[in-house]
Amino acid sequence: MPELPEVEATARSLRPRLVGQRVSRVHGVDWPRMLPNTSEEELNSSLSSRRVVSVGRRGKYLLVGFDDDRWLAIHRKMSGNLILQPAADPTEPHTHLSIELDDHAELRFVDPRKFGRVYLFGSSDELDDFLAERLGPDSLIELDEKVLASKLRGRKARLKPLLLDQSFVAGVGNLYADEALWEARLHPLRSADSLSAREVRRLAQAIKHVLSTAIERRGTSFSTYRDSDGLPGENQDFLSVYGREGQPCPRCGTPISRIMIGQRSSYFCPKDQRAPSTSGRGLGLPRGAQRSAG
DNA sequence: ACATAGACTCGGGCTC
DNA sequence: ATTGCCCGAGTCTATG
């Protein structure tokens, strides 16, 4: 269930082993719905004998570039893993696509829940159009205090669902949203345009810090996530709030709370992340009528 | 007063 | 049950 750090960790582990390799064949598609804009036949005919020239990432998409400017964009959604192993090794269950390389390694897309998707594009322009209509600024490389402030301005939505909206900022998911809001000491239900300049700066810095630290630990592995070498990450040992309901806040010792926001669990420290006023919005009260709580 | 558009929330669905 | 995300329906708000 990768978010940005898990995709970035996978890209980094794949890059030195994929770049320079030629595709010998594409096979093993057993679930055509995972290829919304292509087919096994088209992948095989267009990628065979093409050389990989880049392995990158944008938001939660892994991007593989080939020497004729064709591109693959792979989204793992909830349960997808990309594993690189010898083509002679047995394929594990739930493998839905295999890309064989001329060094006899094979890149395999393994996805028990079949939510993951693989897209093929004929040029970087097509790829850029696809990404541009889905993704906001990349939360690791394009997000800073100014960008975040302009994105938040005029938005009434609650912070947590906004951070999960990939067209708002790309790459943050449920786990890292909670970790970043905790680090910035902001309640997930705060309305976006209620943040002070100082709070916006804290949030921008917290997002980048949480993501880059997790990348150094090769991502967070709960049950299924593995990098392309089959190794789990280590960040699960360093989480502050996610999945830690009732356990002490690392900063103040207060038990961590869990609430549901938009059908997703949200974990936070009820003392450090102060709840917004409940009278602030949508109840017809005049501005300034909110309880001033310090 | 009323219509409309856009922002926003919620629930279901995908799949095992 | 879950680290994702799409879609449709309904609500709310600002605007003319």
Side-chain angles (χ1 to χ4, degrees), chain A residues 1-10 30-34 36 58-62 73-81 92-96 109-119 130-131 133-136 139 151-182 188-194 207 210-211 214-215 217-227 232-245 258-267 280-287:
Chain A
M1 302 75 151
E3 302 180 32
L4 185 153
E6 290 73 37
V7 182
E8 181 67 27
T10 301
D30 64 347
W31 186 244
R33 287 184 65 175
M34 70 178 297
R58 175 76 193 278
K60 302 175 190 174
Y61 287 89
L62 183 87
I74 302 171
H75 199 305
R76 292 148 69 187
K77 295 287 181 84
M78 292 290 272
S79 63
N81 273 320
E92 59 183 290
H94 311 298
T95 299
H96 305 303
F109 189 52
V110 182
D111 185 8
R113 291 186 71 181
K114 299 181 180 174
F115 288 177
R117 296 290 181 264
V118 176
Y119 300 85
F130 174 86
L131 296 175
E133 62 189 38
R134 286 167 177 75
L135 303 184
S139 48
K151 298 287 290 187
L152 290 169
R153 193 167 302 126
R155 299 296 297 263
K156 307 279 192 208
R158 304 166 298 181
L159 275 181
K160 175 77 182 282
L162 259 196
L163 292 178
L164 298 183
D165 178 353
Q166 300 302 295
S167 67
F168 182 77
V169 293
V172 176
N174 204 33
L175 187 160
Y176 294 107
D178 282 358
E179 293 294 305
L181 288 168
W182 176 83
L189 293 178
R190 285 280 299 274
S191 142
D193 67 357
S194 76
I207 290 170
V210 161
L211 296 177
I215 291 168
R217 297 179 181 135
R218 300 191 343 276
T220 302
S221 295
F222 285 152
S223 53
T224 59
Y225 165 72
R226 298 291 183 272
D227 72 9
E234 297 167 353
N235 196 59
Q236 60 277 12
D237 299 332
F238 298 88
L239 297 176
S240 298
V241 289
Y242 189 83
R244 302 188 70 248
E245 181 181 16
R258 179 173 77 102
I259 59 175
M260 298 304 287
I261 304 176
Q263 319 298 109
R264 319 288 303 274
S265 286
S266 290
Y267 299 88
R281 171 174 110 73
L283 299 179
L285 294 179
R287 285 186 60 80

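Chain naming here is simple, since letters A, B, ... match the order of the sequence lines and numbering starts at 1 in each.
Across its full length, the helix from B:dC2-C:dG16 to B:dC14-C:dG4 shows an angle of 10° between the axes of its 5 terminal pairs at either end, rounded to 10 degrees.
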Could you pull out the protein-nucleic contacts involving nucleotides 7-10 of chain C (nitrogen or oxygen on both sides, under 3.5 Å)?
none

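Scored by the salt bridge (charged side-chain N to carboxylate O under 4.0 Å, His left out) test, A:D30 finds no partners at all (sequence neighbours excluded). A search for ring-ring contact (aromatic ring centres under 6.0 Å, His included) contacts involving A:Y61 returns A:H75, A:F130, not counting sequence neighbours. Applying the salt bridge (charged side-chain N to carboxylate O under 4.0 Å, His left out) test to A:E8 and every residue at least two apart in sequence or in another chain returns A:R12, A:R57. Applying the salt bridge (charged side-chain N to carboxylate O under 4.0 Å, His left out) test to A:R190 and every residue at least two apart in sequence or in another chain returns A:E199. The side-chain hydrogen bond (donor to acceptor under 3.5 Å, both in side chains) search around A:S266 returns A:K160, not counting sequence neighbours. Residues passing the side-chain hydrogen bond (donor to acceptor under 3.5 Å, both in side chains) test with A:D165 are A:S167, sequence neighbours excluded. Partners of A:Y176 under the ring-ring contact (aromatic ring centres under 6.0 Å, His included) rule, at least two apart in sequence or in another chain, do not exist in this structure. Every residue meeting the side-chain hydrogen bond (donor to acceptor under 3.5 Å, both in side chains) condition with A:D111, not counting sequence neighbours, appears here in chain and number order: A:S79.
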The contact string for nucleotides 11-16 of chain B, one letter per nucleotide 5' to 3', using protein heavy atoms under 4.0 Å with B, S and - for base, sugar-phosphate only and none, comes out as S--BBS
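OP1 and OP2 of C:dT2 both lie 4.0 Å or more from every side-chain N or O belonging to A:R264. The side chain of A:K60 contributes an N or O atom lying less than 4.0 Å from OP1 or OP2 of C:dC5.
Here the straight-line distance linking atom NZ of A:K114 with atom CE of A:M34 works out to 10.5 Å at 0.5 Å rounding.
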Table please: side-chain donor-acceptor pairs of residues 258-265 of chain A below 3.5 Å, with sequence neighbours left out.
from	atom 1	to	atom 2	distance (Å)
A:R258	NE	A:E245	OE1	3.2
A:R258	NH1	A:S265	OG	2.8

